[in-house]
Amino acid sequence: MRTHTCGELRSRHLGQRVTLCGWVDTVRDHGGVIFIDLRDRYGVTQVIFDPNDSQQAWEDSQKTRGEYVIQVEGVVEARPGEMANAKLATGEIEVRCDTIQILNKSKTPPFPLDDKEAEKVTEDLRLTYRYLDLRRATMQENLRVRHQMSQSVRQYLDGADFTEVETPILTKSTPEGARDYLVPSRVVPGSFYALPQAPQQYKQLLMMAGVDRYFQIARCFRDEDLRADRQPEFTQIDIEMSFITPEDVYSLIDGLIANVMEAVGKGPVATPIPRLTYKDAMNRFGSDKPDVRFGMELVDVSAIFTGTDFKVFRQVIEQGGVVKAVNAKTLGGVPIRVMDDWTAVAKEWGLGGLAYIRCQDDGEWKSPIVKFFSDEEKAQLQNQLDIQPGDLVFFAADSRSVANKALGHLRLLAGDMAGVIDHSAFAFTWVTDFPLFEVGPDGKPIPVHHPFTASHPDDIDLLETDPGKMRAQAYDIVMNGVELGGGSIRIHDPEVQARIFQALRIPQAEIEDRFGHLIRALSFGAPPHGGIALGFDRFVMMVAGEDSIRDVIAFPKTQKAMDLMMNAPATVDAKQLRDVHINVDLVE
RNA sequence: GGGGGCGUAGCUCAAUUGGUUAGAGUCCCAGACUGUCGAUCUGGUUGUUGCGGGUUCGAGUCCCGUCGCUCCCGCCA
């Protein structure tokens with residue numbers, strides 16, 4: 001139907017007779033000559049109708065409206081001198097048309113499809129008419145970026161000798177972890193499949209099957225509440241390898257990321273990607289997903305204040321807590337109102353309050369607390385935090401974990417306000433040596449990652465004595481302060497796996513029921529193995545510069561997990577329910 | 001489950017302490033115009049103020065409930 005797309009004509013096509021198809025983007029009717037911007041996913045080309053060329057085509061062109069689908073035929077011409085449009089890739093030419101066919105009319109769209117206007121439109125309207133929203137250039141571009149990234153992942157992993165294997169979507173519920181999406185069985189009344197939260201057990205079983213290097217761009221399902229970076233169905237780059245150490249994972253993923261970023265024109269990425277231990281990440285950045293695009297690191301100033309006259313600090317230290325501080329460079333002039341907001345944030349994260357010093361341009365410290373500091377303490381603070389005129393220093397005095405967490409959040413606010421975050425930068429970091437367990441209030445260990453994670457080889461005998469101290473062979477990859485993915489070396493010894501389940505206080509019968517197949521598989525010569533999964537939607541989101549993964553998913557769900565376009569979920573026929581042996585009884 | 005924000009014309013928004021007939025831009029419709037590219041000019045149409053109830057002489061505005069969208073906490077092994 002067409003000889004060219006709307007994005008490809010240039011001066012080298014001058015004089016050629018061409019046929020274009022596309023959507024009417026805008027019409028500019030001058031009474032005589034009519035200009036139409038014709039759009040397809042490749043670009044926009046100006047086509048022109050003149051009554052002197054064809055009375056009929058000119059008249060028909062007047063009938064077009066926005067989003068009409070047309071086919072036009074004409075000759076590529078140079079635009080006269082100053083009429084060239086530098087904003088368009090095709091701006092040096094136009095197509096003088098003598099033929100037009102209206103292939104389809106369009107109702108007036110419910111919202112403007114112009115990129116700048118559409119971004120202000122309420123999102124539910126965009127989602128209801130998603131097929132219109134996707135016509136926009138930025139959405140088209142996002143779909144392209146996503147495609148390029150998945151292609152690049154496949155090409156890279158294929159080159160590294162990986163086999164792509166599909167795993168079941170209808171599988172078994174695993175009560176740990178997130179809530180499952182359930183699918184009733186027709187042939188086994190009263191039984192349910194679960195949609196996979198991740199292909200975790202399948203990929204380990206593939207290692208036991210001798211696949212050696214597996215990957216999948218896998219859809220995963222978790223029935224939990226949504227966020228800007230969380231959907232109930234999402235996509236992971238899922239990877240598993242045999243006979244490896246964490247180093248093998250790091251170097252593989254370093255290469256994968258560098259390759260993908262290069263493929264979308266966001267490279268180069270310096271490799272190896274730097275590493276932080278979990279402990280350092282928490283102590284220096286107050287987060288297990290540190291944003292390393294800027295400094296403002298947390299500094300432990302407890303030593304300065306041991307035995308201080310300032311009661312608040314002294315008591316915390318005496319009780320085994322810490323005093324930590326952040327120098328938010330250049331923010332000394334922030335209004336009190338901001339500090340009130342930040343104090344509220346600090347309280348949300350568990351601090352009693354937020355102490356701070358605003359160092360004025362003349363060097364004077366304005367602060368409700370410095371009057372309690374000795375000259376010696378002030379001098380040491382100045383020295384350790386490098387306090388200069390115009391700086392803002394804020395403090396957290398609490399247990400190490402609360403202080404870290406709270407300052408970690410405040411650090412991000414400060415970095416944002418100071419404008420020191422380079423939003424065009426992509427900063428990756430590995431976080432390594434995660435703890436294996438958190439210890440619950442009842443002393444019960446809870447896996448930080450999942451119960452198949454191998455401990456550090458030196459730590460296994462702490463399992464029965466001090467599980468909270470055990471280090472895992474687990475790692476996360478972090479991008480601009482967002483957790484991009486994580487993984488671990490898995491347990492391949494069935495006896496160790498059984499010991500872990502026991503430590504988790506899972507009853508024997510339950511272990512057999514839920515994990516019997518896995519322990520059995522381990523007992524038939526399971527190779528040492530491990531892997532990682534990367535959140536593909538988040539990765540694309542950040543590369544595309546979007547704030548929500550909904551903008552890089554073709555048909556996303558709302559916060560209530562609804563598809564506004566298809567109107568899903570929905571009720572079904574009574575017969576369908578009978579087939580799957582479901583009796584709906586809505587409770588209050 | 002909890003906290004915040006939003007909901008007025010197709011779209012984006014305005015509407016004073018609760019006060020007359022709810023406005024603007026844009027879109028849309030009609031007309032004019034032969035070089036525009038956010039075309040321009042003239043004229044015109046468009047309202048269950050999300051929905052339901054209440055207070056009041058009078059509610060877009062206040063109160064209660066409810067629905068939807070969104071951000072966050074919880075949750076997400």
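Naming convention: chains lettered A, B, ... in sequence-line order (proteins, then strands); numbering from 1 in each chain.
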Check the phosphate of [N] against [X], side-chain N and O only, distance under 4.0 Å to OP1 or OP2. Yes or no?
| X | N | result |
| --- | --- | --- |
| A:R28 | B:U34 | no |
| A:T122 | B:G7 | no |
| A:R550 | B:C71 | yes |
| A:K87 | B:G38 | yes |
| A:T558 | B:C69 | yes |
| A:K560 | B:G68 | yes |

Carboxylate-amine/guanidinium contact [X] [Y], below 4.0 Å:
| X | Y | result |
| --- | --- | --- |
| A:E77 | A:R96 | yes |
| A:E224 | A:R179 | yes |
| A:R471 | A:D433 | no |
| A:E233 | A:R222 | no |
| A:R136 | A:E141 | no |
| A:E464 | A:R499 | yes |
| A:K172 | A:D180 | no |

With a 6.0 Å cut-off on the ring centroids, do A:Y475 and A:F434 count as close?
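No, ring centres 6.0 Å or more apart.
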
When the [atom1] atoms of [N] and [M] are considered, how many whole Å apart are they?
| N | M | atom1 | result |
| --- | --- | --- | --- |
| B:G18 | B:G2 | C1' | 33 Å |
| B:G54 | B:C73 | C1' | 33 Å |
| B:C27 | B:U40 | P | 8 Å |
| B:G19 | B:C29 | C1' | 35 Å |
| B:U56 | B:G60 | C1' | 16 Å |
| B:A9 | B:U46 | C1' | 6 Å |
| B:G25 | B:U42 | P | 11 Å |
| B:C64 | B:U70 | P | 25 Å |

Any base atoms under 4.0 Å from [X], or only sugar-phosphate, or nothing? Heavy atoms, all strands.
| X | value |
| --- | --- |
| A:Q197 | nothing |
| A:D114 | nothing |
| A:D223 | nothing |
| A:L125 | sugar-phosphate |
| A:E123 | sugar-phosphate |
| A:E94 | base |

Minimal non-hydrogen separation, A:L226 against A:T558, with atom names:
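Smallest heavy-atom distance, with atoms named: CD2-O, 3.1 Å.
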
Does any N or O donor sit under 3.5 Å from an N or O acceptor when you compare the side chain of [X] with the base of [N]?
| X | N | answer |
| --- | --- | --- |
| A:R79 | B:C37 | yes |
| A:D37 | B:C37 | no |
| A:Q46 | B:U36 | yes |
| A:R230 | B:C76 | yes |
| A:D29 | B:U36 | no |
| A:R96 | B:G35 | yes |

Between atom [atom1] in [X] and atom [atom2] in [N], what is the gap in whole Å?
| X | N | atom1 | atom2 | value |
| --- | --- | --- | --- | --- |
| A:K405 | B:C73 | NZ | P | 10 Å |
| A:E438 | B:C76 | CD | P | 10 Å |
| A:R222 | B:C76 | CZ | P | 10 Å |
| A:W58 | B:G35 | CH2 | P | 14 Å |
| A:I34 | B:G35 | CD1 | P | 13 Å |
| A:K107 | B:C29 | NZ | C1' | 17 Å |
| A:L226 | B:C69 | CG | P | 11 Å |
| A:D53 | B:U34 | CG | P | 15 Å |

A:W349 side chain, from C-beta outward: closest of B:C69, B:C73, B:A39
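Nucleotide nearest to A:W349's side chain: B:C73.
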
Would you indicate which nucleotide in B:U12, B:C75, B:A30 comes nearest to any side-chain atom of A:E224?
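Comparing B:U12, B:C75, B:A30 against the side chain of A:E224, the answer is B:C75.
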
Polar-atom pairs under 3.5 Å, protein N or O versus N or O of nucleotides 1-3 of chain B: list them with distances, or write none.
residue : atom : partner : partner atom : Å
B:G1    : O6   : A:D225  : OD2          : 3.4

Pair partner, [N] [Watson-Crick or wobble, under 3.5 Å]:
| N | value |
| --- | --- |
| B:A14 | none |
| B:G7 | B:C67 |
| B:C37 | none |

Could you say whether A:P112 or A:K557 is positioned toward the 5' end of RNA chain B, judged by the nucleotide with the nearest heavy atom to each?
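Looking at RNA chain B, the more 5' nearest nucleotide goes with A:P112.
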
Between A:Q200 and A:E348, just flag the one whose closest nucleotide in RNA chain B comes earlier from the 5' side.
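On the 5' side of the pair lies A:E348.
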
Report the residues that fulfil salt bridge (charged side-chain N to carboxylate O under 4.0 Å, His left out) with A:R490, sequence neighbours left out, ordered by chain and then residue number.
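A:R490: salt bridge (charged side-chain N to carboxylate O under 4.0 Å, His left out) contacts with A:E240.
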
Using the salt bridge (charged side-chain N to carboxylate O under 4.0 Å, His left out) criterion, which residues pair with A:E8? Sequence neighbours excluded.
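Once residues adjacent in sequence are excluded, A:E8 has no partner under the salt bridge (charged side-chain N to carboxylate O under 4.0 Å, His left out) criterion.
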
Aromatic-base stack, A:H30 on B:G35, cutoff 5.5 Å, angle under 30
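Base of B:G35: not stacked against A:H30.
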
Has A:F35 got its ring stacked on the base of B:U36, with centres under 5.5 Å and planes less than 30° apart?
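So yes, this residue stacks on that base, both cut-offs being met.
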
